[in-house]
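As structure tokens, the structure follows; a few thoughts come after it.
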Amino acid sequence: MTNGADTHCPYCALQCAMTLTTPAAPAAKGLTPAPQPGSDPVPEQSAAILDVAGRDFPTNRGGLCRKGWTSASLLNHPGRVTEPLFRGADGVHRPIGWDEALDRITAAVKSTRARHGADAVGVFGGGGLTNEKAYQLGKFARLALGTSRIDYNGRFCMSSAAAAGMRAFGLDRGLPFPLEDLDSASTILMLGSNVAETMPPFVQHLQGARDAGGLIVVDPRRSATAAFTSDGGGLHLQPLPGTDLALLLGLSHVVIHEGLADAGYIAERTSGYGALVRSVAAYWPERVQSLTGVPAGLIRDTARRLADGSRQGGSYILTGRGVEQHVDGTDTATAAINLSLLLGLPGSARSGYGTLTGQGNGQGGREHGQKADQLPGYRKITDPAARAHMAAVWGVPESLIPGPGLPAVQLLKSLGQPDGVRCLFVHGANVAVSAPDANAVIAGLRSLDFLVVCDFFRSETAAEADLILPVTQWAEEEGTLTNLEGRVLRRRRALDPPPGVRSELWIMARLAEALDAPSMFSEDPETVFEELRLASSGGLADYAGIDYAMLDRGEAAYWPYPAGSTGTPRLFLDSFAHADGRAVFTPVTPRRRASSAAADAANAADRAGKPMTLITGRLMEHYQSGAQTRRVAALAAAQPEARLQIHPAAAAAQGIAEGDVVSISNGRGEVSCRAELSTDIRPETVFLPFHFPELESANRLTEAATDPISGMPEFKFSHVWVRPGAANLRANELQKEGAL
């Protein structure tokens, strides 16, 4: 029985370092460690099977957020799934043995392939899986199942920023520099990210820019992060939802036309400048003000501050999901990169551009093979040389490796269709809550011939499964993850899993054997990682020089880390990853957004007034679909339900008061929750967190429209109608009648 470990938090990509230990004796339990800067107060841990303590590390410096402090409470949660559960004809899940579970899966896969072909079997992975599990899942799909139909929930999170980074730099790593570099910056422009709530220890790294008056936050809401700009800390730009691209073009226009661009850098290190100049000519500040609602003076101020910072104390531009989760997300991220190149930021020793990875292994999870179009090491699945390399590592003919599959939204749309996926494996995802147009996704799950879900709780997706497989939680397994800096970290086992629980590596190895798969499938994480090193060698995301021993010694390991090197903490210092060593300006312009109300139009006659724009996002207390955090008592008590943030003026127009139950609807679905009135949001915009299921599920309203380049869904722009709930509506009518 293991009784503790130095490891990392199971939640976001900041991957805060923590130490897990056996709980102290009751007499000592009153000793509560003091919270570190940037962290929340330490909650009670008495119910947890392990004690959690923040550990000093460059990203979190000993701090943890509420989710991290309470993370161990889930390890012995009474709702934990600890044996395979099979759904009978009556719809009830009942325990079965592992041998029977594996036999049923094997039979379902063989039957589906025989009747519909190999691509009728699909796999949906997750950005929280370790590198080892993500790597072997891609291999399992392609060799054991023989399918091209694999993708993962990182398509909902990082795909637009990744596509933009690849076309500009030839390489995608969220932060191409250590997070600590931000400490010395005098100016930081942060677009579409609310780190104060999503990864609170991060805010320590913003303090230098705030002290210099140079923290600039772009967000339609006055979020907790935007609030840090007050009292001389910087600027808050509050554009209309969906207009970030126009705003960035306006900033580039000012940089060019006021002579603020770094001409030497542009000439020596970039290509495509002339076309970019022409593309932003029509976006002068006053016109951009009319498009975005951001005052022209603030646009000029922002551009000048960025330029001053790049020359004096360092400037950084950081993007997050708020500007990327759009049908033009790749172009918007590209516009941010273009602005950073104009100022000479990428590849500088004290400035830069980066994007903030969200999920715990959002970076590593997209590098090693669970994306529809990608092989390990960030290799393109259509590249003959990449395919030959992987065939050699796996010891199979190249012809056995399928071609590209379907990105996540298309994969989910195909569920149960005649030529789509009929048998689905889900690992580390809760698509019934997290996917866009969730009602359609749930219908697709229910139309499958067979659904297998690997999880440690009966999530909303698991509830739809024919078979639920109980798998290890983070503190029960060994492995590696790659954080938002591209730093590879060790996850260490702190205790043994419950007797009936198995690792997903074990499950894949047993099923591969039952399906007569070629190549080797191991249940040992280090063995899998050694194969991953070979698979990634020579690729863009090269891990060949990294091993468990060096990570256990505490050595920093930033990829690319070719064998014999010392890794790459800072990318692009000498050249970019394109063949000529230059970064590429790619001109982008806003496209007219097709009305997401195509389905709404047919129902508009039933709704009064104009539609509002819904944006979705996170709360401090919850993570992703909430499948874990909604089960933590302290977190659920702090945020027990979804609340619609709405401006008081908009609420008054509909007769809505604070705490009233409201209906939010469009042609895709309807959500019911309480109203939270706030002047922190624009009057035409409403905000709903996406952590909650069923009638509070924000993704019942979001559209499955996607960016044509990245496949990213349009999470941050949906037309909705907001009106009082039925009870409130009747109360308002009675009040009006009484006034007559």
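Being a predicted model, the structure only gives us computed values, none of them experimental. Just so it is clear, the values below take in all heavy atoms, side chains as well, and ignore hydrogens, waters and symmetry mates.
- Relative to the six-membered ring of F86, R104 meets both conditions, a distance below 6.0 Å and an angle of at most 45° to the axis.
- Remark: the R167 side chain and the T334 side chain contain an N/O donor-acceptor pair separated by less than 3.5 Å.
- The two residues V453 and A465 come nearest to each other via the heavy atoms CG2-CB, 3.7 Å.
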Stepwise side-chain hydrogen bond (donor to acceptor under 3.5 Å, both in side chains) check, T480 with E132: CA-CA 7 Å; T480 63; E132 292 79 1; 3.0 Å; yes
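- The pair R491-E477 meets the salt-bridge criterion, since a charged nitrogen lies less than 4.0 angstrom from a carboxylate oxygen.
- Here D542 does not pair with R533 in a salt bridge; the nearest charged N to carboxylate O distance is not below 4.0 Å.
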Criterion side-chain contact (heavy atoms from CB on, under 4.5 Å) on L511 and F425, from CA distance to verdict: CA-CA 12 Å; L511 287 173; F425 292 75; 4.0 Å; yes
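- Ion pairing of R510 with E523 is present here, as a side-chain N (NZ or NE/NH1/NH2) and a carboxylate O approach within less than 4.0 Å.
- The two residues P407 and A372 make their nearest non-hydrogen contact at N-CB, 4.1 Å.
- Cation-pi geometry between K139 and F521 is met: the NZ or CZ atom falls under 6.0 Å from the ring centre, inside 45° of the normal.
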Expected list for residues 416-423: side-chain donor-acceptor pairs under 3.5 angstrom, two or more places apart:
{"from": "R422", "atom 1": "NH2", "to": "D449", "atom 2": "OD1", "distance (Å)": "3.4"}

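- L356 approaches M190 most closely through the heavy-atom pair CD1-CE, 4.2 Å.
- Judged as a side-chain hydrogen bond (donor to acceptor under 3.5 Å, both in side chains), and not counting sequence neighbours, the contacts of E621 are R66.
- The shortest side-chain heavy-atom distance between I317 and I337 does not fall under the 4.5 Å cut-off.
- By the 4.0 Å N-to-carboxylate-O rule, D437 lies too far from K413 to be salt-bridged with it.
- Side chains of R668 and S718 form a contact here, defined as non-hydrogen atoms less than 4.5 Å apart.
- Between the side chains of T319 and Y353, at least one donor N or O sits under 3.5 Å from an acceptor N or O.
- You'll find the side chain of W394 reaches within 4.5 Å of the side chain of I401, heavy atoms only.
- Within 6.0 Å of CD in E398 there are more than 12 heavy atoms belonging to other residues, nucleotides or ligands.
- At a threshold of 4.5 Å between non-hydrogen side-chain atoms, the residues M508 and L505 count as touching.
- Between the side chains of Q370 and Y135, no donor N or O sits under 3.5 Å from an acceptor N or O.
- Counting only residues at least two apart or on different chains, the salt bridge (Lys or Arg N to Asp or Glu O under 4.0 Å) pairs with a member in residues 451-472 are R87-D466, R446-E464, E460-R630.
- Side chains of T332 and D244: no donor on one and acceptor on the other come within 3.5 Å.
- Smallest separation of non-hydrogen atoms from P241 and T613: CB-CG2, 3.7 Å.
- Two residues are said to be in side-chain contact when any heavy atoms from C-beta on lie closer than 4.5 Å; T629 and Y11 meet this criterion.
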Residues H622, F692; criterion ring pair (Phe, Tyr, Trp, His ring centres under 6.0 Å); working and verdict: CA-CA 9 Å; H622 291 298; F692 298 91; 5.4 Å; yes
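- Side chain of R631 to backbone of A627: a donor-acceptor contact under 3.5 angstrom is found.
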Check against side-chain hydrogen bond (donor to acceptor under 3.5 Å, both in side chains), N131 and T482: CA-CA 8 Å; N131 287 319; T482 307; 3.2 Å; yes
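- Under the 4.5 Å side-chain criterion, counting only non-hydrogen atoms from C-beta, C157 is in contact with R321.
- W474 is linked by a side-chain hydrogen bond (donor to acceptor under 3.5 Å, both in side chains) to nothing, counting only residues two or more places apart in sequence or in another chain.
- Side chains of T106 and L515 form a contact here, defined as non-hydrogen atoms less than 4.5 Å apart.
- Taking OG of S414 as the start and CG of D119 as the end, the distance is 9.5 Å to the nearest 0.5 Å.
- Shown here for G403 and I381, the closest heavy-atom pair between the two residues is O-CD1, 3.7 Å.
- Between the side chain of K716 and the backbone N or O of V323, no donor-acceptor pair lies under 3.5 Å.
- In summary, the side chains of Q363 and E367 do present a donor paired with an acceptor at a separation below 3.5 Å, with no hydrogens or angles considered.
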Residues Y378, H368; criterion ring pair (Phe, Tyr, Trp, His ring centres under 6.0 Å); working and verdict: CA-CA 6 Å; Y378 239 134; H368 298 304; 8.4 Å; no
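- Looking at T355 and E324, their side chains do bring a donor and an acceptor atom within 3.5 Å of each other.
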Residues H691, Q624; criterion side-chain hydrogen bond (donor to acceptor under 3.5 Å, both in side chains); working and verdict: CA-CA 6 Å; H691 312 293; Q624 301 296 81; over 6 Å; no
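- Judged purely by distance below 3.5 Å, without hydrogens or angles, the side chains of S160 and S710 pair a donor atom with an acceptor atom.
- N361 places none of its side-chain heavy atoms less than 4.5 Å from the side chain of L129.
- Closest of all the heavy-atom pairs between P689 and L619 is CB-CG, 3.7 Å.
- Annotation: side-chain hydrogen bond (donor to acceptor under 3.5 Å, both in side chains) contacts of N483 (sequence neighbours excluded): E485.
- With sequence neighbours left out, the ring pair (Phe, Tyr, Trp, His ring centres under 6.0 Å) criterion links F715 to F156.
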Candidate pair N430 and T461, rule side-chain hydrogen bond (donor to acceptor under 3.5 Å, both in side chains), full reasoning: CA-CA 5 Å; N430 187 14; T461 302; 2.6 Å; yes
